[in-house]
Trainee: 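Shown below is the structure under consideration.
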Amino acid sequence: MRIRKITGTVKDYDWGNKDFIPSLIGGYDGKPQAELWFGTHRLGESRTEDGEPLSAVIRSDRSCLGADYDEYGGELPMLLKILAIEKPLSLQCHPTRAQAEDGWKREEKLRAEGGVCNYQDPNPKAEIIAALSPITAMCGFRDIEVVSADLAALVPAFYAKKLKGMSGSVKELYLGLYKLSEDEKKELLSEFSASLAADRSENWNGLFLTRKGISEECLEEYPGDIGAVFPYLMNVVTLQIGEALFLEPDTLHAYVFGNGVELMNASDNVLRGGLTRKHMDLGELERIMSFSSITPEKVRTERDGFGRTGYMAPTSEFRLLSASSGSYVVNGGKVSLVLAVEGSARFSEGCESLTIGKGECVLVPASLEYSMNVHGRVFIAEGGSRE
């Protein structure tokens, strides 16, 4: 059978929780398990059941990628993940294709010397996340007028002293906050923390963290980091189970709490913009990040010709779909990964069949006709065309 079962790679970053990924795949080791990767990316490549790297399988059988083999460079063009979020992630931004290719080239010498680089590969990184439990996130900047009003109320002394003079635009304020002296940052965070403590409003509503609750989490997890103020600069987005959010490459964002399925370009390019103990390059962020104010919109869904639910994200480079209990006949299409998040799924191709259970994933070659019987729920990550 040409449909192959593959295993994922677990990432035990400290912002992960200890139960969600083990509940899918077992193997709990006591550490936070933050991400489960499925793909051919060199930093977390999947393998077949007999231990063969997925990239080797694809290179030995061009039919896996079909007519897109050369365009994809013999690798999967997308990376599918499970995210299990217990604590706020770093504020981050990702590059477009042109920015990634340029940054990768500019850092060639630094990379050869073993230096700390901004770019891990020459690929862009747009992404979509679909909620498997309620998710709280931050995404993009609010209008500067709203931000200024909130900061003036929360830190009136420091606002009058310093922030008012650099609140002409979101960009000016963002860069200005990171250029404060260490004493000024301490002064601002002290007033900010005291103001939050005096605020009797909710920090948690039972499903989602509030703006206040996010800032309190950030103050605890990243003491001294000016990024703790950023929930008041950014939009707070909440996703119910099944809802999804698409993130353009140039958009500052951070996931805060919850569990989800994430699909992106095959890239690990992360430029951190705060709430981090890792490398942060303010100049590079200024070069690639959008400082425009936005109103994030949830991704609409639409049934495809095979009865699956497609998340209609504004990109042609990959596509995320889901399928609930039922029978599906899929004819042709791009290379795809199918991951069971509930129950099981049985795939039939000619006279052969293969069944996967919760937490298991298969690679489906391009242009393949097959049937899929789902008892529960699966997510499908499908390749696209380079933009």
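Heavy-atom basis, side chains included; hydrogens, waters and symmetry copies ignored.
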Trainee: Determine whether L24 and I6 fall in the same hydrophobic cluster, where Ile, Leu, Val, Met, Phe, Trp and Tyr are linked whenever their side-chain heavy atoms lie under 4.5 Å apart.
Mentor: yes
Trainee: My understanding is that only residues two or more places apart in sequence, or in another chain, count here; which of them pass side-chain hydrogen bond (donor to acceptor under 3.5 Å, both in side chains) with R62?
Mentor: D70
Trainee: Minimum heavy-atom separation for G273 and L252, please, with both atom names.
Mentor: CA-CD1, 4.2 Å
Trainee: Quick check against the 3.5 Å criterion: does S148 have a side-chain atom that pairs as donor or acceptor with the backbone of I144?
Mentor: yes
Trainee: Looking only at atom types and distance, does a side-chain atom of E243 sit under 3.5 Å from a main-chain N or O of Q240, one as donor and one as acceptor?
Mentor: yes
Trainee: When you compare the side chain of L263 with that of L337, does any pair of heavy atoms fall below 4.5 Å?
Mentor: no
Trainee: If you define the side chain from C-beta out and look only at heavy atoms, does anything of K5 sit under 4.5 Å from I356?
Mentor: yes
Trainee: Are V364 and F306 connected in a single hydrophobic cluster, I mean Ile/Leu/Val/Met/Phe/Trp/Tyr linked by side-chain heavy atoms less than 4.5 Å apart?
Mentor: yes
Trainee: Side chains of N265 and E317 only: does a donor on one sit below 3.5 Å from an acceptor on the other?
Mentor: yes
Trainee: Check whether N331 reaches the backbone of Y370 with its side chain - one donor and one acceptor, N or O, closer than 3.5 Å.
Mentor: no
Trainee: Taking NZ, NE, NH1 and NH2 as the nitrogens, is one of them in E302 or R300 under 4.0 Å from a carboxylate oxygen of the other?
Mentor: yes
Trainee: Got a donor-acceptor contact below 3.5 angstrom from the N235 side chain to the F141 backbone?
Mentor: yes
Trainee: What residues, two or more places apart in sequence or in another chain, satisfy ring pair (Phe, Tyr, Trp, His ring centres under 6.0 Å) together with Y178?
Mentor: Y174, F230
Trainee: So which heavy atom on E35 is nearest to which on K81, and how close?
Mentor: OE1-NZ, 3.3 Å
Trainee: Using atom types as modelled and distance alone, determine if a side-chain donor or acceptor of Y222 lies under 3.5 Å from a backbone N or O of P88.
Mentor: yes
Trainee: If the condition is side-chain hydrogen bond (donor to acceptor under 3.5 Å, both in side chains), which residues does E216 pass it with, not counting sequence neighbours?
Mentor: N203
Trainee: Indicate yes or no: at least one non-hydrogen side-chain atom of T251 is less than 4.5 angstrom from one of S290.
Mentor: no
Trainee: Linking I/L/V/M/F/W/Y whenever their side-chain heavy atoms sit closer than 4.5 Å, directly or via other members, would L91 and I294 fall into one cluster?
Mentor: no
Trainee: Using the test side chain to side chain contact (heavy atoms under 4.5 Å, CB included), find all partners of S60 that sit at least two apart in sequence or belong to another chain.
Mentor: none
Trainee: Verify, without hydrogens or angle tests, whether T301 (side chain) and G310 (backbone) share a donor-acceptor contact under 3.5 angstrom.
Mentor: no
Trainee: Any side-chain heavy atom of E262 sitting closer than 4.5 Å to one from I128?
Mentor: no
Trainee: If we ignore angles and hydrogens, is there a donor and acceptor under 3.5 Å between the side chains of S353 and R346?
Mentor: yes
Trainee: Would you say D183 and S181 are linked by a side-chain donor-acceptor pair, where the criterion is simply a distance under 3.5 Å?
Mentor: no
Trainee: Please identify each residue that fulfils ring pair (Phe, Tyr, Trp, His ring centres under 6.0 Å) with Y311, with sequence neighbours left out.
Mentor: none
Trainee: Return yes when atom CD of E113 has more than 12 non-hydrogen atoms of other residues, nucleotides or ligands closer than 6.0 Å, and no otherwise.
Mentor: yes
Trainee: Is it true that D281 and R287 make a salt bridge, defined as a side-chain N closer than 4.0 Å to a carboxylate O?
Mentor: no
Trainee: Less than 4.0 angstrom from a charged side-chain N to a carboxylate O is my criterion; do E101 and R386 meet it?
Mentor: yes
Trainee: Who are the ring pair (Phe, Tyr, Trp, His ring centres under 6.0 Å) partners of W37, not counting sequence neighbours?
Mentor: H41
Trainee: Can you confirm whether L363 sits close enough to L54 that some side-chain heavy atom of one is under 4.5 Å from a side-chain heavy atom of the other?
Mentor: yes
Trainee: Taking the basic N atoms (NZ, or NE/NH1/NH2) and the acidic carboxylate oxygens, is any pair closer than 4.0 Å for R47 and E52?
Mentor: no
Trainee: Please find the pair of heavy atoms, one from V237 and one from C139, that lie closest to each other, and give the distance.
Mentor: CG2-CB, 4.1 Å
Trainee: Checking D199 now: which residues fulfil side-chain hydrogen bond (donor to acceptor under 3.5 Å, both in side chains) with it, not counting sequence neighbours?
Mentor: S201
Trainee: Could you pull out the closest heavy-atom pair between A153 and S195, with the gap in Å?
Mentor: O-OG, 4.5 Å
Trainee: Output yes when a side-chain donor or acceptor of N205 lies under 3.5 Å from a complementary backbone atom of F208, and no otherwise.
Mentor: yes
Trainee: Step by step, would you call I288 with E284 a side chain to side chain contact (heavy atoms under 4.5 Å, CB included)?
Mentor: CA-CA 6 Å; I288 75 161; E284 192 68 11; 4.2 Å; yes
Trainee: Would you say the side-chain atoms of D121 and N269 include a donor-acceptor pair closer than 3.5 Å?
Mentor: yes
Trainee: If you take all heavy atoms of M289 and C93, which pair is closest and at what distance?
Mentor: CG-SG, 3.7 Å
Trainee: May I ask you to test the V116-K278 pair for a side-chain heavy-atom distance under 4.5 Å?
Mentor: no
Trainee: Go through the structure and list residues passing side chain to side chain contact (heavy atoms under 4.5 Å, CB included) with R111, not counting sequence neighbours.
Mentor: W104, E107, E108, C117
Trainee: Return the set of residues passing side-chain hydrogen bond (donor to acceptor under 3.5 Å, both in side chains) with S167 (not counting sequence neighbours), or none when no residue passes.
Mentor: none
Trainee: For E217, does its backbone N or O pair with a side-chain atom of K87 as donor and acceptor, under 3.5 Å?
Mentor: no
Trainee: Does F38 belong to the same Ile/Leu/Val/Met/Phe/Trp/Tyr cluster as L65, with side-chain heavy atoms less than 4.5 Å apart forming each link?
Mentor: yes
Trainee: Has S322 got a side-chain atom pairing as donor or acceptor with F379's backbone, closer than 3.5 angstrom?
Mentor: no
Trainee: Donor-acceptor pair, E220 side chain versus C218 backbone, under 3.5 Å?
Mentor: no
Trainee: Determine whether E45 and T9 satisfy the following criterion, side-chain hydrogen bond (donor to acceptor under 3.5 Å, both in side chains), listing intermediate values before the conclusion.
Mentor: CA-CA 7 Å; E45 184 168 10; T9 299; over 6 Å; no
Trainee: Just to verify, what does A34 make a side chain to side chain contact (heavy atoms under 4.5 Å, CB included) with, not counting sequence neighbours?
Mentor: Y13, W15
Trainee: Checking E127 against H253 for the side-chain hydrogen bond (donor to acceptor under 3.5 Å, both in side chains) test, could you report, in this order, the C-alpha distance in whole Å, the side-chain angles of both residues, the deciding distance, and whether it holds?
Mentor: CA-CA 11 Å; E127 59 191 48; H253 65 278; 3.2 Å; yes
Trainee: Tell me whether the count of non-hydrogen atoms from other residues, nucleotides or ligands lying under 6.0 Å of NZ in K162 goes above 12.
Mentor: no
Trainee: Please list, chain by chain and in numerical order, all residues satisfying ring pair (Phe, Tyr, Trp, His ring centres under 6.0 Å) with F192, sequence neighbours excluded.
Mentor: Y232
Trainee: So that I can tick it off, tell me whether E202 and K212 are bridged by a salt bridge, with the cut-off set at under 4.0 angstrom between side-chain N and carboxylate O.
Mentor: no
Trainee: Does the side chain of V229 come within less than 4.5 Å of S215's, by heavy atoms?
Mentor: no
Trainee: Please give me the minimum heavy-atom distance between S169 and E172, naming the atom from each residue.
Mentor: OG-N, 3.1 Å
Trainee: Please enumerate all residues that pass side chain to side chain contact (heavy atoms under 4.5 Å, CB included) together with F257, with sequence neighbours excluded.
Mentor: E86, W204, L209
Trainee: Considering only heavy atoms from C-beta outward, does the side chain of I58 approach that of E75 to under 4.5 Å?
Mentor: no
Trainee: Quick one, R4 with D61, criterion salt bridge (charged side-chain N to carboxylate O under 4.0 Å, His left out). Give me CA distance, side-chain angles, the key distance, then yes/no.
Mentor: CA-CA 12 Å; R4 296 173 173 88; D61 183 0; 3.5 Å; yes
Trainee: Does either side chain, that of S133 or that of N259, offer a donor lying less than 3.5 Å from an acceptor on the other one?
Mentor: yes
Trainee: Check E342 with R377, please: is the shortest side-chain N to carboxylate O separation under 4.0 Å?
Mentor: no
